[in-house]
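First up is the structure itself, then whatever we jot down about it.
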Amino acid sequence: MISVDYRDDLKEVQGDAVLAALLNAPQVAAPFDRLAWWQGLADCCDLLPLIAVVRDGPHRAVMPLLRRGRQVHCLANWYSFRVAPLFSDGANRPALLAALAADLAGQTPHLVLSPLPDEHGEATTIAAALRQTGWTTFVEPCDTNHVLTVRGRSFTDYLDTRAGPLRTTLKRKAGKVEVTIETAFNAASWDCYEEIYANSWKGEEGCPGFLRAFAEQEGAAGRLRLAIARAEGRPVAAQFWTVEGKTAFIHKLAHLEDAKALSPGTTLTAALLERVIDHDKVELVDFGTGNDAYKRDWMEEVRPRYRIEAFRAKWPGTWPAIARKVLHRVAASGSHG
């Protein structure tokens, strides 16, 4: 018998030993799959968590969700590279997702799930489970994820494949700044990062408290890679990466506009790539979401991220939104005809 329940108090999730083991298992190799990440989002970003737990004997599935009015969304914000369900080993994934999809009809008439990956069929399987259980379901790309698969190369071998202008910039500008890379959290260095970010071209930081707490956790676990570039002793650029499960995650980067001529960001990215490829021996570098041109300079592959919007058509209140989605799909297909 498969059962589904929901937790809005994240501490309650830890009371299930099997689930706690799943959330702390070695295969949880990304920060977005950890209870601490969800807790941080809920606490610092004022979100209302709805953690869905599916039980099938000794097996578990968990999906981090949140309530937003009458809708249910993924428990995520702009810091999240992706959201995906987690399963214990040996679980019947389609069956557990189908049970969750059916049960969610009692929680909301309108689901909005993003950003979903599909490298291992995540978005496809979720969409199939929703359609199977009576949801009117729409799937569309919502973002892009740039990655680099190292394939056993050294940093030097990798750099030789970069475009000529990038390599020329590195040769000309690398000596213009001094680079430090820290693996333990240092409050003074984090203050430098925050000051650079606040005075960069980037928009206002959404939840700085969340990011600092995350950096402290990653530093304590040895996963932090915080790089700062200084010109004549003055911090002019910073990048915040983490390394986990053979993947380097590039979370944040910024530089001061008045130091742009020094190309400190390019120098920092190269220094960190050398560190994670040659020293940390990562197999993948993940540049997060967003289709910024500078990501294409460094990364070699693009993976789509998907948004699933699903409705219970028996609820008349969903009809206008369904109609808009259908009209949009018809218009899009006509424009490509």
Side-chain angles (χ1 to χ4, degrees), residues 77-79 81 143-148 155-156 158-183 185-208 210-212 214-215 218 224-243 248-280 282 285-302:
N77 70 358
W78 51 88
Y79 296 127
F81 291 15
D143 213 331
T144 54
N145 170 226
H146 289 261
V147 297
L148 167 69
F155 173 72
T156 299
Y158 154 76
L159 190 61
D160 285 344
T161 68
R162 296 304 87 204
L166 177 63
R167 288 184 282 115
T168 298
T169 297
L170 276 174
K171 289 177 182 177
R172 291 177 53 239
K173 302 294 180 68
K176 303 290 185 181
V177 294
E178 177 188 354
V179 173
T180 57
I181 299 176
E182 300 178 13
T183 59
F185 183 83
N186 179 295
S189 297
W190 190 256
D191 288 344
C192 286
Y193 158 76
E194 289 189 329
E195 183 175 355
I196 292 166
Y197 194 94
N199 290 284
S200 73
W201 82 101
K202 297 277 190 172
E204 183 179 350
E205 186 64 81
C207 297
F210 166 80
L211 207 63
R212 182 187 180 105
F214 173 57
E218 297 302 278
L224 176 70
R225 304 292 182 268
L226 181 66
I228 297 176
R230 293 175 171 84
E232 298 180 351
R234 175 189 176 221
V236 294
Q239 295 193 15
F240 170 34
W241 296 26
T242 60
V243 172
F249 299 94
I250 306 176
H251 297 278
K252 286 288 182 177
L253 69 169
H255 64 261
L256 299 181
E257 281 297 299
D258 64 11
K260 189 174 181 179
L262 300 175
S263 300
T266 300
T267 299
L268 277 189
T269 301
L272 279 161
L273 281 168
E274 183 175 19
R275 163 70 193 232
V276 302
I277 290 173
D278 288 351
H279 183 270
D280 296 313
V282 302
V285 181
D286 189 333
F287 219 141
T289 54
N291 204 26
D292 309 272
Y294 60 80
K295 295 183 180 181
R296 294 191 291 272
D297 292 339
W298 298 102
M299 304 291 103
E300 296 177 343
E301 302 165 52
V302 180

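Model, not experiment: these values are computed from the prediction.
Between Asp143 and Phe81 the shortest side-chain heavy-atom distance does not fall below 4.5 Å. At a threshold of 4.5 Å between non-hydrogen side-chain atoms, the residues Leu272 and Ile250 do not count as touching. Inter-residue side-chain proximity for Leu268 and Leu253 is flagged as unmet; no heavy-atom pair is nearer than 4.5 Å. In this structure, the side chains of Glu194 and Pro208 come closer than 4.5 Å at one or more pairs of heavy atoms. No side-chain heavy atom of Tyr294 sits less than 4.5 Å from a side-chain heavy atom of Thr269. Val236 is not listed as a side-chain neighbour of Ile196, based on a closest heavy-atom distance of 4.5 Å or more. No side-chain heavy atom of Glu301 sits under 4.5 Å from any side-chain heavy atom of Asn145. You'll find the side chain of Cys207 reaches within 4.5 Å of the side chain of Trp78, heavy atoms only.
Interatomic distance, CZ of Arg167 versus OG1 of Thr266, reported as 14.0 Å (0.5 Å rounding). Considering OG of Ser189 and CG of Leu226, their distance stands at 6.0 Å, rounded to 0.5 Å. Expressed to the nearest 0.5 Å, how far CD of Glu182 lies from OG1 of Thr180 amounts to 5.0 Å. Atom NZ of Lys252 sits about 15.5 Å away from atom CH2 of Trp241, to the nearest 0.5 Å.
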Could you walk me through whether Arg275 and Phe155 satisfy the side chain to side chain contact (heavy atoms under 4.5 Å, CB included) test, starting with their C-alpha distance in whole Å, then the side-chain angles of each, then the deciding distance to 0.1 Å, before giving a yes or no? CA-CA 8 Å; Arg275 163 70 193 232; Phe155 173 72; over 6 Å; no
Going through the distances and angles, do Trp190 and Leu211 end up as a side chain to side chain contact (heavy atoms under 4.5 Å, CB included)? CA-CA 10 Å; Trp190 190 256; Leu211 207 63; 4.1 Å; yes
Show the numbers, then the answer: is there a side chain to side chain contact (heavy atoms under 4.5 Å, CB included) between Met299 and Val285? CA-CA 8 Å; Met299 304 291 103; Val285 181; 4.0 Å; yes
Walk me through whether Arg212 and Tyr193 qualify under side chain to side chain contact (heavy atoms under 4.5 Å, CB included). CA-CA 10 Å; Arg212 182 187 180 105; Tyr193 158 76; over 6 Å; no
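Side chain of Tyr158 to main chain of Glu274: no donor-acceptor pair is present (N/O by atom type, distance under 3.5 Å, no hydrogens or angles). In this structure, the side chain of Lys260 does not engage the main chain of His255 through any donor-acceptor pair within 3.5 Å. Gln239 places a side-chain N or O within 3.5 Å of a backbone atom of Gly265 that can act as its donor or acceptor partner. A donor-acceptor pair under 3.5 Å links the side-chain atoms of Arg296 to the main chain of Asn291, judged by distance alone.
Comment: Asp297 does not engage Arg162 in a salt bridge, judged by the lack of any side-chain N to carboxylate O separation of less than 4.0 angstrom.
The nearest pair of heavy atoms linking His146 to Gly290 is CD2-O, 3.4 Å. When all heavy atoms of Lys176 and Leu262 are compared, the pair lying nearest together is CB-CD2, 4.0 Å. Taking each heavy atom of Ala271 and Ile181 in turn, the nearest pair found is O-CD1, 3.9 Å. For Thr267 against Leu170, the heavy-atom pair with the smallest separation is CA-CD2, 4.0 Å. Heavy-atom minimum distance, Phe287 versus Lys295: O-NZ, 3.1 Å. Contact between Thr169 and Ser263 at its shortest, heavy atoms only, is CG2-OG, 3.6 Å.
Ring to ring, Phe214 and Phe240 are close: their centroids are under 6.0 angstrom apart.
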